[in-house]
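Take a look at the structure below.
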Amino acid sequence: MAEIEITLHAAFTEIPAQDWDALACPEAASGRPKDPFTTHRFLMALERSGSIGGRSGWQTRPLVARRHGVAIAAMPMFVKHHSQGEYIFDHNWAQAFENAGGSYYPKLQVAAPFTPATGRRFLTLPGAEDEGTAALIAAATQVAAQNNLSSLHITFCTEDEARRGAALGLMQRITQQYHWYNKDYTSFDAFLAQLSSRKRKAIRKERETANGAGLDIRPLTGKAIQPAHWDAFWQFYQNTGARKWGTPYLTRAAFAEFHDSMRDDILLVLAFDSGQPIAGALNFIGRDTLYGRYWGCSADYPCLHFELCYYRAIEWAIANGLQRVEAGAQGDHKLARGYLPAPVHSLHWIANTGFARAVGEYLEAERRAVTEDIDLLTSYGPFRQSLPDDNTGT
């Protein structure tokens, strides 16, 4: 069998879209990709807009494995000079390593930038999963070692990829998010009927409050999204970014790129007051999942955040036959609104053997704790459980 040739690229523009997408989303030949976040168009939108590259701290270095000139595997890889925009937090690792006299940055990151959504990170041709994954891991760790980089991090990978990576010697991490699952609901009311009476009443009250403000709430996708909508959402996004993490990760140009190449992949839920947008939630559409990404507003209305980000997302998913809503990182408050805890997987390699041993011990304890938390939180979830509370008929 011919040897696999590995190439390290300096930009996604160096890789033809058809070659990349044949690896990232071969299923798109018969419909939507499983998720849009490793498609060539998404990564190019970030690159063209300056959201990655330049002085962003995300230095683009995608890996491609080829045999006989044909791409069989690839990874969206970056040299990182900070840990921002990743959502699998390693700030404490960086501090501990640097306190001990090491240099944690730069490091290698395999990710969909700024996107806490699970998806494939080892992009392989169907049938080449094992050899493609092994070739990519070997190449990435070699790049790290040869360039004196501290570590390699593969974040928000699939559970299957986590198993493959662990079998090849990478350290496995489990964290958690909250996801909503569609149990073949025919309507939002059918979903509510499965909740405990107390949770059902609370959600109805929140929706009444949000929808009683006299706002016009519109779910927009495809050609219904206009440039003026992005002008408004950019202001919302900046306001949220300034409150939460200082400088927004995406540039204004990123939203223009999304408009040009990804409108059919986007659900933008906007609230209007007298014809003017005053709040919005940005979602990306996958094959069977709706991915909640950003929210913002220019005026405060009680419960509007819950309505736009969670309840309208659930309604849209039910109406369009999607099986899951991923509402982004963190947020224990999502549990009361019908979202359940779900494990999130990542893989890690650290060059320094002593530090790697310490991190490995930490990850082993963390995995046990997170698994226990998920089990406990699920048992206290919002769904009905033959309790007196549920015999009210409301």
Side-chain angles (χ1 to χ4, degrees), residues 36 41-42 45 48-49 51 114 180 187-189 191-192 202-245 247-286 290-322 325-328 331 333-334 337-338:
R41 61 182 178 272
F42 180 79
R48 283 193 295 256
S49 67
S51 299
F114 323 119
W180 176 85
S187 66
F188 192 89
D189 282 341
F191 154 63
L192 283 184
I203 290 175
R204 284 175 175 159
K205 185 175 181 179
E206 286 182 346
R207 300 206 73 185
E208 289 170 1
T209 299
N211 289 287
L215 303 174
D216 177 17
I217 300 176
R218 305 177 202 167
L220 306 170
T221 190
K223 293 181 179 179
I225 302 175
Q226 298 299 312
H229 298 146
W230 292 118
D231 291 336
F233 191 80
W234 169 246
Q235 297 302 319
F236 307 152
Y237 174 70
Q238 283 187 302
N239 291 343
T240 299
R243 289 197 304 271
K244 287 190 173 182
W245 58 82
T247 302
Y249 299 137
L250 299 177
T251 65
R252 173 62 182 88
F255 295 99
E257 294 287 344
F258 293 157
H259 181 80
D260 289 343
S261 63
M262 300 195 69
R263 274 185 290 172
D264 290 339
D265 300 297
I266 286 171
L267 170 67
L268 185 61
V269 183
L270 292 177
F272 296 80
D273 185 0
S274 301
Q276 297 298 314
I278 55 87
L282 174 62
N283 306 267
F284 285 83
I285 307 167
L290 186 66
Y291 300 92
R293 288 305 301 112
Y294 300 109
W295 141 270
C297 62
S298 59
D300 291 328
Y301 286 84
C303 302
L304 189 60
H305 171 256
F306 302 141
E307 179 66 17
L308 267 59
C309 293
Y310 306 145
Y311 304 141
R312 293 293 174 133
I314 289 173
E315 280 191 336
W316 200 89
I318 292 172
N320 289 273
L322 300 186
V325 177
E326 293 191 15
H333 60 280
K334 296 169 186 172
R337 292 166 179 90

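Values in this document were obtained by computation on a predicted structure and should not be read as measured data.
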* Asked: Does the ring of Phe258 carry Arg263 above it, NZ/CZ under 6.0 angstrom from centre and within 45° of its axis?
  -> no
* Asked: Is Asp231 salt-bridged to Arg252, cutoff N-O under 4.0 Å?
  -> yes
* Asked: Can you tell if the side chain of Val269 reaches within under 4.5 Å of the side chain of Trp316, non-hydrogen atoms only?
  -> no
* Judged by atom type as modelled, is there a donor-acceptor pair below 3.5 Å linking the side chain of Ser51 to the main-chain atoms of Ala254? -> no
* Structure fact -> CD of Gln226 to CG of Leu268, rounded to nearest 0.5 Å, is 11.0 Å
* Asked: Judged by atom type as modelled, is there a donor-acceptor pair below 3.5 Å linking the side chain of Asn239 to the main-chain atoms of Cys297?
  -> yes
* Structure fact -> d(Cys303 SG, Ile203 CD1) to nearest 0.5 Å is 11.0 Å
* Given side chains that start at C-beta, do those of Leu215 and Leu304 come closer than 4.5 Å, heavy atoms only? -> yes
* To do: Test the Arg337-Phe306 pair against the cation-pi criterion, namely NZ or CZ under 6.0 angstrom from the six-membered ring centroid and within 45° of the ring axis.
  => yes
* **Ile278 side chain reached by Phe272 side chain, heavy atoms, under 4.5 Å** => no
* Is the distance between the ring centroids of His333 and Tyr310 under 6.0 Å? -> yes
* Asked: With distance as the sole criterion, is a donor-acceptor pair present between the side chains of Tyr294 and Asn283 under 3.5 Å?
  -> no
* **Distance-only donor-acceptor check, side chains Tyr311 and Glu206, under 3.5 Å** => yes
* Student check: side-chain heavy atoms of His259 and Pro227 closer than 4.5 Å -> yes
* Structure fact -> Rounded to the nearest 0.5 Å, the CD atom of Glu326 sits from the NZ atom of Lys334 at a distance of 10.0 Å
* Asked: Would a 4.5 Å heavy-atom cut-off, applied to side chains only, mark Ile225 and Phe233 as touching?
  -> no
* Test item: Leu282 and Ile266 side chains (from C-beta on) under 4.5 Å apart, heavy atoms -> yes
* **Tyr237 six-ring centre to Arg293 NZ/CZ under 6.0 Å and within 45° of normal** => no
* Asked: Checking salt bridge (Lys or Arg N to Asp or Glu O under 4.0 Å) against Glu307, which of Lys205, Arg207, Arg204 comes through?
  -> Arg207
* Asked: Any donor-acceptor pair under 3.5 Å linking the side chain of Thr251 with the backbone of Ser49?
  -> yes
* Would you call Asp264 and Thr221 a side-chain contact if the rule is heavy atoms closer than 4.5 Å? -> no
* Distance (rounded to the nearest 0.5 Å) between Leu270 CG and Leu308 CG -> 7.5 Å
